[in-house]
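Residue numbers begin at 1 in each chain, while the letters A, B, ... track the order of the sequences.
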Protein chains: 2
Amino acid sequence: MHDVGLLRTAVGAPVAPPPRLLMGPGPITVDPRVLRAMSAQLVGQYDPAMTAYMTETQALYREVFRTRNEATVLVDGTSRAGIEAALVSLITPGDKVLVPVFGRFGHLLREIAERCGAEVHVREVPWGQVFTLEQLEEAVREVRPALVALVQGDTSTTMNQPLEGVGAMCHRHGALLYVDCTASLAGNPFEMDAWEVDAASAGLQKCLGGPSGSSPLSLSPRAVAVVDARRSVEAGLRADPYADPLADGASPGNAPALARIRSNYFDLAMILDYWGEKRLNHHTEATTMLYGARECARLVLEEGLPQGIARHRLHGDAMLAGVRGLGLEVFGDVDHKMHNVVAVQIPAAVDGDAVRAELLHDYGIEIGTSFGPLAGRVWRIGTMGYNARKDAVLVTLAALEAVLRAHGAVVEPGGGTTAAQGVYA
Amino acid sequence: MHDVGLLRTAVGAPVAPPPRLLMGPGPITVDPRVLRAMSAQLVGQYDPAMTAYMTETQALYREVFRTRNEATVLVDGTSRAGIEAALVSLITPGDKVLVPVFGRFGHLLREIAERCGAEVHVREVPWGQVFTLEQLEEAVREVRPALVALVQGDTSTTMNQPLEGVGAMCHRHGALLYVDCTASLAGNPFEMDAWEVDAASAGLQKCLGGPSGSSPLSLSPRAVAVVDARRSVEAGLRADPYADPLADGASPGNAPALARIRSNYFDLAMILDYWGEKRLNHHTEATTMLYGARECARLVLEEGLPQGIARHRLHGDAMLAGVRGLGLEVFGDVDHKMHNVVAVQIPAAVDGDAVRAELLHDYGIEIGTSFGPLAGRVWRIGTMGYNARKDAVLVTLAALEAVLRAHGAVVEPGGGTTAAQGVYA
C-alpha cells in the first residue's frame with residue numbers, strides 16, 4: 001500500500017447518541033418500533049420475501065396517501081429526493097410550471113423546477129399566509145402551466161395550504177398538480193384521490209415517525225402517462241448493450257432524446273419498472289430504509305389514519321394553548337396552521353439561540369430555529385409522530401418556562417402546562 | 001374523511017425476513033454490528049452530537065478512500081445516487097466526457113453522463129476484459145474530454161480495471177477522472193490520492209458490509225474547484241427570499257444560470273456547504289444511514305484496510321478454486337478479476353434459474369444471476385464484506401455441489417470444498 005502520509009484516524013467509539021426529546025420541525029424522535037424493524041437482516045434484492053415487502057409497502061402507502069394509484073413507491077433518499085424525482089420526471093425542459101410560494105419549501109420547488117429546465121412562474125403570499133383557491137385559479141389562467149407545484153404544509157411558516165378543489169381546478173385548465181406533503185402527511189388530512197392530486201411525495205421524519213432517508217411517492221394515472229411517454233431502458237440491461245443509445249428513438253420502448261428524463265436516479269419510469277411486475281433492475285433498493293418505511297405506515301394504519309390525525313390535532317392544540325399560556329405570541333395565520341408544528345415569536349428580551357441551547361444541553365429537549373426572513377424571529381415547536389404525546393407536550397412547556405425565566409423573560413408561572421392541561425381536560 | 005372506497009389493506013406482520021446467506025454480487029448479509037448501530041435513536045440535524053458524527057464519518061471515509069480530500073461526505077441514496085451526484089456536479093452541459101465501458105456499470109456511467117447533457121464518447125472492450133493504460137490514453141488524446149468516467153470494479157463482469165497511472169495521464173491531458181468504486185472499495189486496493197482520482201463514489205452494500213442507501217463520495221481539490229464555480233444558494237435560505245433567483249449572476253455567490261448544476265438534491269456544492277463549516281441547510285441528513293455508514297468504516301479500519309483487502313483476496317481465491325474444483329468454468333480474464341466476486345459459466349446441462357431457486361429456497365443461500373449479454377450464461381458468486389469468511393465459502397460450495405448434482409450436472413464429489421480447503425491450508 002502506498003504511504004500517502006495519512007494521519008491515522010482513531011476509529012472512535014460505537015454510536016451512542018445522547019438522549020434527546022426532538023420537539024423541533026423534524027426530524028423527530030423515531031418510534032422505537034421503527035428502529036427495531038430497521039435492525040432486521042437483509043434478504044436479496046429479488047428474494048420473494050423482498051419483493052413481497054415492496055408490494056406490501058406500496059399497498060400500505062396507498063392507504064396513507066388515500067389513493068388507489070398503482071404507482072405508489074418509495075424513492076431512496078430524503079424527502080427532497082422524492083420532490084426532485086416527481087419534478088424531473090414530470091417536467092420536460094421548456095414546460096411552464098407555476099409555483100405558488102408561501103414559505104421556504106415553495107422556494108425549493110421553484111428552484112428544483114428551474115433546474116429541471118422549466119419556465120417557472122412564481123406567485124407569492126407573505127410568509128404566514130396561504131393562497132385562496134381563487135388566487136390559485138387566477139394564476140393558472142394567466143400562466144397556463146403544464147404543472148402546478150405546491151407545498152401542502154410548509155414547516156418554515158407552519159402554514160397548511162388548503163387543497164380541496166385545487167386538483168380539479170388544475171385539470172379544468174389542462175395542468176397537472178404536484179404536492180409536497182412531507183411535513184403534513186398523516187398529521188393533517190391529505191386526500192390524494194378526492195383532491196385529484198397527480199403527484200405527491202413525503203418523507204418519514206415528520207408525522208410518520210421514522211428517520212429521514214426514504215421518500216414515499218405516488219403518481220396518478222395522468223402523471224404515469226406523462227412519465228411513460230419519457231421511458232428509456234438502460235443499455236446495460238438490454239440484450240445488445242452495444243446498440244447505440246444515442247439513437248434513442250430507434251430502440252423499442254425508448255423515448256426520443258429530447259423528452260428523455262434528465263436524471264437516471266430519479267427517473268420514475270425506471271423506478272416504476274423496478275417496483276412493478278417487470279422488476280427491471282434500477283438501483284439496489286435500500287432495504288433497511290424500506291423496512292423502516294413499511295413499519296411507519298403500519299403504525300399509522302394500526303392507529304387509524306383519522307385517529308392519528310386527531311391525535312396530532314389534539315397535541316398541536318395543547319402546545320398552541322401552552323405557548324400562549326406562557327404569554328408568547330404565535331406567528332402566522334393560526335387558522336391555517338398545520339396540526340403538528342407551531343411558530344413562536346421569540347420575546348425581545350431573550351436571545352433565541354441561547355434559549356434553544358440551554359433547552360438542549362440542560363433539559364435534553366430540542367426545538368427548532370427558522371430560515372430566511374424568519375431566522376432569529378421565531379422558534380418552531382413540533383408535536384408530531386411519536387412525539388405527538390401528552391408527556392412530550394407538557395415536559396416541553398415546563399422546561400421552556402424554566403429556561404425563559406432564567407433568560408430574563410416575564411412568563412406566567414405554570415401558564416404553559418396549565419393551558420395545555422385545559423385542552424386535555 | 002372522504003370515502004374513496006379504498007380496499008382496507010391488512011397492516012401485515014412485523015418484518016421478519018427469512019434467514020439468508022447472501023453470496024451474490026451484493027447486497028450481502030449486513031454485519032450485525034452495523035445493524036445495531038442503525039438501531040440507535042436520532043438526535044437533531046444540528047445537534048453537536050450529530051455534527052460530530054458527521055465530521056467523524058468524513059475522517060473515517062478519508063482513510064477508506066486513502067485520501068486527504070477535505071471534501072469527503074455521504075450522499076443520501078444508493079450507490080447510483082453517488083455516481084449521479086458526482087457526474088451532474090462535474091459535467092456542464094456540452095462538456096466532452098469519455099466513458100471507457102467494460103460492463104453494465106460503464107453503460108450506466110455513459111447513460112447518466114448523457115442525461116447530464118454531456119457529449120459522451122464511449123470506448124469499449126468485450127465483457128470480461130479491461131483496458132490498458134495505453135488504450136485509455138489513446139482515447140483521451142482522440143476525444144480531449146473534460147472528464148473521464150470509469151468503473152473500477154464492474155460486478156456485471158467481475159473485472160477490476162487497473163487504475164495506476166490513469167489519473168496522472170488524465171491530468172496531463174487536462175481531464176478530470178471520476179471512478180465508481182462501489183463494488184471494489186475495501187475489498188481491493190483503491191488509492192484515491194496516489195492514483196490522482198478526482199472524484200470517487202461507492203455504496204455500503206458490497207465490501208463495506210452495510211445495507212444499500214448511503215453513498216460515500218470524495219472530491220479532490222481540482223474537482224471541488226469545478227463544483228465551487230457552479231455554486232448557488234437556495235432562495236429560501238437567503239435573508240431576502242423574494243430576490244429574483246432567475247437573475248442568478250446577480251446574487252452574491254450564485255453561479256450564472258448556464259453553469260448551474262442541473263440537480264438540487266445532487267448539487268455537491270450545496271452538499272459540501274451542509275457537511276462543511278457553514279452547515280448550510282440542504283437535505284435532512286439520513287441519520288440512521290449515517291450511523292450505519294460510520295459503523296461500516298469503523299469495521300474496515302479496526303480490521304485494517306490492507307488486512308481486509310487480504311481477507312477478500314483469500315476468500316475470493318478459495319471460492320475461485322472451489323468452483324473450478326467442481327469442474328465449472330470461470331468467465332472473463334481471471335487475472336483482472338475483483339477479489340470479491342466470481343462469474344461462473346452455467347453448465348449446459350442445467351437450468352441456471354432453477355439451480356439458483358433451489359439454492360435459495362432449500363439451502364437459504366443466494367447467488368446472483370447476470371445482465372445483458374451474460375444473462376442466463378453466468379452465475380455471480382460474491383465473497384464480500386461480512387461474508388468474506390471461510391464458513392460462508394465452504395457452505396456455499398457444499399450446497400452448490402449438491403444442487404448441481406440434483407439438477408443432472410456431472411460434478412467432482414467434494415471437489416469444491418477440497419479445493420477451497422487447499423487454498424486455506
task: Can you measure from CD1 (A:Ile112) to CZ (B:Arg262) and round to the nearest 0.5 angstrom?
output: 15.5 Å
query: Using a cut-off of under 4.5 Å for heavy-atom pairs, which of A:Thr287, A:Thr29, A:Val88 has the most such pairs with chain B?
result: A:Thr29
query: Who wins among B:Leu87, B:Leu204, B:Asp267 for the most heavy-atom pairs under 4.5 Å with chain A?
result: B:Asp267
message: Using heavy-atom distances under 4.5 Å, tell me whether B:Arg294 contacts chain A through its side chain, its backbone, both, or neither.
response: side chain
query: Checking A:Ser39 side chain against B:Ser39 main chain: does a donor-acceptor pair fall under 3.5 Å?
result: no
task: Could you tell me whether A:Asp76 and B:Arg80 have a side-chain N and a carboxylate O separated by less than 4.0 Å?
output: no
message: Counting heavy-atom pairs closer than 4.5 Å to chain B, which one of A:Gly24, A:Pro27, A:Ser214, A:Ala375 comes out on top?
response: A:Pro27
query: Are side-chain heavy atoms of A:Leu42 and B:Gln205 found at a separation under 4.5 Å?
result: no
message: Measuring only between side-chain heavy atoms, which start at C-beta, is B:Ser79 closer than 4.5 Å to A:Thr284?
response: no
- request: Say whether, by atom type as modelled, one donor and one acceptor occur between the side chain of A:Thr78 and the main chain of B:His283 under 3.5 angstrom.
  value: no
- line: One option among B:Ala52, B:Gly203, B:Ala49, B:Ala81 has the most heavy-atom pairs under 4.5 Å with chain A, and it is B:Ala81
query: Among B:Pro17, B:Gly77, B:Pro211, which residue forms the greatest number of heavy-atom pairs with chain A at distances under 4.5 Å?
result: B:Pro17
Interface moiety of A:Ala37 toward chain B, non-hydrogen atoms closer than 4.5 Å: both
- request: Would you mind reporting whether A:Pro48 and B:Leu360 have side-chain heavy atoms less than 4.5 Å apart?
  value: yes
query: Pick from B:Gly213, B:Pro19, B:Pro14: which one has the most heavy-atom pairs with chain A under 4.5 Å?
result: B:Pro14
- prompt: What residue in B:Ala286, B:Pro18, B:Gly26, B:Ser263 has the most heavy-atom pairs under 4.5 Å with chain A?
  reply: B:Ser263
message: Can you tell me which portion of B:Ala40 sits under 4.5 Å from chain A's heavy atoms? Options are side chain, backbone, both or neither.
response: both
task: Name the region of B:Leu299, side chain, backbone, both or neither, that has any atom closer than 4.5 Å to a heavy atom of chain A.
output: neither
message: If I measure from the heavy atoms of chain A, does B:Gln41 come under 4.5 Å with its side chain, its backbone, both, or neither?
response: both
Side chain B:Glu84, main chain A:Asn264, donor-acceptor under 3.5 Å: yes
CZ on B:Arg260 to CD on A:Glu111, rounded to 0.5 Å: 4.5 Å
message: With a 3.5 Å distance limit and no angle check, can you tell me whether A:Arg298 reaches the backbone of B:Gly12 through a side-chain donor-acceptor pair?
response: yes
message: Less than 4.5 Å apart, side chain to side chain, heavy atoms only: is that true for B:Ser232 and A:Glu114?
response: no
- request: Rounded to the nearest 0.5 Å, what's the gap from OG1 on B:Thr288 to CE on A:Met38? Could you check?
  value: 4.5 Å
task: Check whether the ring centres of A:Tyr265 and B:Tyr265 lie less than 6.0 Å apart, and answer yes or no.
output: no
- request: With rounding to the nearest 0.5 Å, note down the distance linking CD in B:Glu366 to CG in A:Asp47.
  value: 6.0 Å
statement: Checked A:Phe266, A:Tyr291, A:Tyr53 vs chain B; the most non-hydrogen pairs under 4.5 Å come from A:Tyr53
